[in-house]
Amino acid sequence: MEDKEESMKKDDGGEDILSSIESSSKQTRIFKIIVIGDSNVGKTCLTFRFCGGKFPEKTEATIGVDFREKTVDVNGETIKLQLWDTAGQERFRKSMVQHYYRNVHAVVFVYDMTKMNTFEGMPTWIEECERHSLSPDIPRILVGNKCDMNQKISVATSLAQKFADANQMPLFETSAKDDNEVDNVSAIFMTLAHKLKSQKPMMSNDYPVLHKYGSKEMKRAKVISIGREPSSRSAVCSRSTATSDGTSCSC
Amino acid sequence: MNSTRKSRTLTKKKPSDHLSPATRGASPCKIDGDSGRKIKLAAIHKALLSDPVDVATLRKLAISHGGLLNDELRRKAWPKLLNVNVFEIPPKPDADVTSHRDYHQVVLDVNRSLRRFPPGMRNDQREVLQEQLINVIVRVLLRNKQLHYYQGYHDICVTFLLVVGQDLAFALIEKLSTHHLRDFMDRTMDSTKHILNYLLPIIGKANPELREFMDRSTVGTVFALAWLITWYGHVLSDFRSVVRLYDFFLACHPLMPVYLAAAIVLHRETEVLSGECEMTYVHSLLSKIPQDLPFENLISRAGDLFVQYPPTALAKEARLQYKQSSTLSKHDEFEQTSLRQRPDTILRQRKKGKLTTSQLKDINKKEHSPVVKVAIWAITASVGAALFAVLNTAAEWM
Ligand SMILES: Nc1nc2c(ncn2[C@@H]2O[C@H](COP(=O)(O)OP(=O)(O)OP(=O)(O)O)[C@@H](O)[C@H]2O)c(=O)[nH]1
Ligand SMILES: [Mg+2]
């Protein structure tokens with residue numbers, strides 16, 4: 001996997017959605033991934049880390065929704081992952097975030113490994129998805145964040161794994177903060193990208209295709225054959241916590 | 001009374017290097033030359049000292065170019081705009097702040113609010129203020145059980161804390177929370193959504209093409225959520241712009257932040273229309289506020305829009321049941337009572353019990369003076385004719 005376009009915004013992780021769309025001349029599929037979980041678990045930091053390559057020193061509470069984007073290469077296809085970083089406070093999820101459950105291609109559930117209550121909140125978030133009638137086929141993953149705080153871990157891997165298995169999700173434990181975990185954070189999102197790419201035949205309106213605004217010939221989505229993807233690196237639904245190399249997360 | 005004084009000294013000593021009028025150079029507040037500024041300073045002082053306080057004029061001055069000019073004046077004028085008696089600030093509640101249901105969330109948010117403090121501030125100073133911020137917020141919540149904390153409320157409170165100090169901030173925020181911000185503090189955000197529903201209709205009236213484009217993109221209004229519920233405190237990095245906007249909002253109808261949002265979107269029309277007509281694109285474009293917006297012009301524009309398309313004219317389309325909004329339905333009364341305030345000199349004496357009965361009678365007579373007609377807009381040369389509308393405050397704002 002290689003990441004294209006390292007351009008970063010000053011105050012926000014990731015590529016500038018605006019300029020990247022404008023400069024994108026060839027068609028690129030976009031996958032929309034919603035990131036949800038309780039307040040302060042690190043959703044903003046994780047998405048920033050993946051898209052911007054850095055741990056943000058000063059995050060603030062997310063109010064509403066922020067979008068971050070990263071262009072990645074999945075087996076030769078350039079794909080845009082668009083991460084929807086949502087507000088964690090309950091009141092926002094009820095009336096404001098709703099709007100954004102429509103048309104998402106994948107869901108990332110995040111909890112804080114050092115805070116049991118954020119793990120205990122997971123069923124509510126899963127219900128939330130069900131309430132918005134997200135198709136059960138939509139890839140979902142569970143991420144335990146802040147594994148760098150190893151003195152304070154209060155959600156045991158075995159417990160989280162059991163929950164993940166019961167809900168047919170792969171589990172990842174990682175840290176947005178720890179620089180040694182950068183590859184792991186990428187691997188998590190790349191796993192999703194692989195899964196999404198290989199998932200189903202393309203309908204052009206399922207996966208919108210970027211086009212340069214104003215260009216006369218609106219390019220149509222390529223129909224992707226349902227050929228098998230090299231699946232060796234995919235950790236989807238595997239039991240262990242995975243990294244891109246297939247090694248286990250060390251934390 | 002003592003505590004008020006103390007807090008003033010504190011704010012003066014601590015954050016004020018950054019906040020003092022002397023550093024206002026980079027701010028958008030530019031009155032025509034020194035003399036214009038002097039005239040305005042004098043006018044503000046005069047309005048504050050008249051009895052009853054000339055709230056109508058104070059409002060005009062807070063709205064017009066440059067707003068209230070400096071934090072010294074804000075400390076005096078903001079309480080008047082909110083009808084808060086600075087000599088009768090409620091005592092701290094005894095209850096333990098950590099016991100409040102929202103305490104935990106408040107702490108999480110305040111801990112992450114580093115950007116809201118002056119850049120050069122020492123860590124230990126900032127930590128003291130953060131502790132105060134938590135206390136102020138939870139004290140308001142403890143005394144008003146009906147109010148629910150929302151993420152972003154802290155972005156408003158920090159501005160008051162930095163300008164007026166913790167005790168007065170408490171009193172101002174309490175008033176604000178039970179009036180202007182009341183709808184945001186319901187148990188759910190349904191009322192907040194209703195308020196946001198005004199945005200597209202305003203844009204649509206002023207620029208149908210832009211509205212149509214936005215509708216087609218299905219962008220919704222969440223891009224403006226943080227603007228509205230933080231009064232722009234969350235999205236503007238220049239503190240001077242933030243306090244300037246607060247002057248404006250404190251002097252205006254509670255829906256004014258939505259009109260300003262409309263003015264900002266309209267200002268960026270070309271950018272929006274020349275971009276992709278797609279939800280995330282438009283959301284990303286609009287939610288990132290350019291930091292160099294011409295705020296004085298936008299304030300004028302917002303006021304213009306308010307006069308041209310008052311809330312009542314939009315209520316149907318916004319599907320907002322006016323009466324059901326506590327913020328809006330209570331605004332009448334707030335308006336009326338705000339116009340009958342004593343200047344500090346009198347309030348201080350009254351507090352000390354120095355006023356004689358005949359003096360009090362005099363004061364009471366004045367309290368029953370007829371409703372003052374208020375020009376809701378400061379009439380300046382740069383402002384269009386629409387702004388000359390002089391409204392009978394309470395009756396026609398609704
Ligand atoms: N030690 C450690 N701290 C982290 C990590 N990720 C995030 N944090 C810290 O956790 C806090 C919350 O991070 P955010 O990314 O703002 O949390 P969020 O989930 O976006 O929160 P909301 O926007 O309120 O929903 C911040 O103070 C981060 O510095 C991590 O991997 N390790
Ligand atoms: Mg966040």
Side-chain angles (χ1 to χ4, degrees), chain A residues 9-12 14-22 24 30 32 38-42 44-45 56-69 80 82-84 86-100 102-104 112 115 117-118 208-214, chain B residues 102 104-117 148-155 184-194 196 218-230 233-235 237 271 273-288 291:
Chain A
K9 297 199 50 157
K10 259 175 277 155
D11 57 340
D12 197 0
E15 293 157 15
D16 190 334
I17 286 187
L18 313 174
S19 64
S20 69
I21 284 182
E22 271 162 2
S24 152
I30 308 177
K32 300 176 176 181
D38 284 359
S39 179
N40 210 61
V41 297
T44 299
C45 291
E57 284 312 319
K58 297 179 182 177
T59 51
E60 292 188 80
T62 304
I63 296 174
V65 176
D66 284 331
F67 298 95
R68 300 204 168 77
E69 235 178 40
K80 233 174 238 302
Q82 192 176 74
L83 306 185
W84 298 10
T86 63
Q89 198 191 6
E90 184 170 351
R91 53 193 297 112
F92 288 96
R93 80 176 80 144
K94 292 259 160 62
S95 31
M96 293 296 166
V97 175
Q98 260 177 6
H99 187 64
Y100 300 95
R102 283 184 299 157
N103 310 321
V104 295
D112 177 345
K115 293 277 176 332
N117 62 319
T118 67
V209 169
L210 286 175
H211 58 271
K212 196 166 183 164
Y213 182 78
Chain B
D102 291 322
H104 185 62
Q105 186 71 55
V106 174
V107 172
L108 293 179
D109 294 344
V110 170
N111 285 347
R112 283 182 288 171
S113 67
L114 307 185
R115 281 196 206 164
R116 302 277 84 85
F117 294 89
H148 296 258
Y149 174 76
Y150 61 86
Q151 291 187 295
Y153 183 67
H154 68 298
D155 286 316
F184 309 148
M185 305 192 75
D186 277 352
R187 202 173 44 77
T188 71
M189 295 192 91
D190 293 346
S191 305
T192 307
K193 229 176 172 174
H194 280 307
L196 275 173
T218 70
V219 65
T221 49
V222 175
F223 69 85
L225 175 65
W227 308 357
L228 176 67
I229 67 179
T230 72
H234 186 79
V235 290
S237 48
E271 265 177 289
L273 291 181
S274 62
E276 182 112 359
C277 186
E278 188 268 333
M279 191 264 278
T280 50
Y281 182 88
V282 182
H283 178 105
S284 299
L285 176 69
L286 288 175
S287 63
K288 301 206 172 70
Q291 297 294 314

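Sequence lines set the chain letters: A, B, ... in the order given, protein chains first and strands last, and positions in each chain run from 1.
- For chain A, no part of B:Ser287 is nearby; none of its heavy atoms comes within less than 4.5 Å.
- The CZ atom of A:Arg91 lies 10.0 Å from the CD atom of B:Gln105; values are rounded to the nearest 0.5 Å.
- Atom CZ of B:Arg115 and atom OG1 of A:Thr59 lie 8.5 Å apart (nearest 0.5 Å).
- Partners of A:Asn40 by side-chain hydrogen bond (donor to acceptor under 3.5 Å, both in side chains), not counting sequence neighbours, listed by chain and number: B:Arg112.
- Taken to the nearest 0.5 Å, the OG1 atom of B:Thr280 stands 10.5 Å off from the NZ atom of A:Lys80.
- The side-chain hydrogen bond (donor to acceptor under 3.5 Å, both in side chains) search around A:Gln89 returns none, not counting sequence neighbours.
- Scanning residues 148-155 of chain B against chain A with a 4.5 Å non-hydrogen threshold yields B:His148, B:Tyr149, B:Tyr150, B:Gln151, B:Gly152, B:His154, B:Asp155, sorted by number.
- Heavy-atom distances place the backbone of B:Arg187, and not its side chain, under 4.5 Å from chain A.
- Contacts between A:Tyr100 and chain B at a heavy-atom distance below 4.5 Å involve the side chain alone, from C-beta outward.
- Closest heavy-atom contact between B:Asp109 and A:Ser39: OD1-OG, 4.4 Å.
- A:Val65 and B:Val222 get closest at one heavy-atom pair: N-CG1, 4.1 Å.
- Remark: A:Trp84 pairs with A:Gln82 by the side-chain hydrogen bond (donor to acceptor under 3.5 Å, both in side chains) rule, at least two apart or across chains.
- If you measure heavy-atom distances from B:Ser237 to chain A, you find no contacts under 4.5 Å at all.
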